[in-house]
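Working notes for the structure below.
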Amino acid sequence: MSFQDLLKFATQEAVKQIDKPKTQRKAERVQKKEMKEPLLHWAFGIMPMAISMLKHRIKEGRR
């Protein structure tokens with residue numbers, strides 16, 4: 001893929017995004033944000049979540 005093809009593709013995508021109504025762009029942004037994984041899970045896998053669940057379970061058991 002040449003630089004000219006890449007530039008053409010980027011320009012087309014930018015124009016598509018600009019042509020969308022503002023409300024639709026906002027809705028897509030919110031939807032994308034909701035589907036995003038939490039940072040701890042994304043960065044370190046499932047172990048931090050397992051440790052926090054274990055810690056929470058131990059706290060509830062002491063009460």
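Note that the structure is a prediction, hence the values are computed from the model and not measured. One-based numbering along the sequence shown. Side chains included, hydrogens not; waters and symmetry mates left out as well; all remaining heavy atoms used.
Ser2 contributes atom OG, which lies 10.0 Å from atom NZ of Lys8 (distance to the nearest 0.5 angstrom).
Taking Ile, Leu, Val, Met, Phe, Trp and Tyr as hydrophobic and joining them when side-chain heavy atoms fall under 4.5 Å apart, one finds Leu7 in a cluster with Phe3. In this structure, Phe9 stands alone, with no Ile, Leu, Val, Met, Phe, Trp or Tyr side-chain heavy atom under 4.5 Å from its own, directly or through other members. The hydrophobic cluster analysis finds Val30 isolated: no Ile, Leu, Val, Met, Phe, Trp or Tyr side chain comes under 4.5 Å of it, directly or through other members. Here Ile46 is tied into one hydrophobic group with Met49, Met53, each link being a pair of ILVMFWY side chains closer than 4.5 Å.
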Please report, to 0.1 Å, the donor-acceptor pairs under 3.5 Å made by any side chain of residues 14-23, with sequence neighbours excluded.
unit_1, atom_1, unit_2, atom_2, d
Lys16, NZ, Glu13, OE2, 3.3
Lys20, NZ, Glu28, OE1, 3.1
Lys20, NZ, Glu28, OE2, 3.2

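Residues satisfying the side-chain hydrogen bond (donor to acceptor under 3.5 Å, both in side chains) test with Gln31, not counting sequence neighbours, are none.
Heavy-atom contacts from other residues, nucleotides or ligands closer than 6.0 Å to CD of Gln4 number 12 or fewer.
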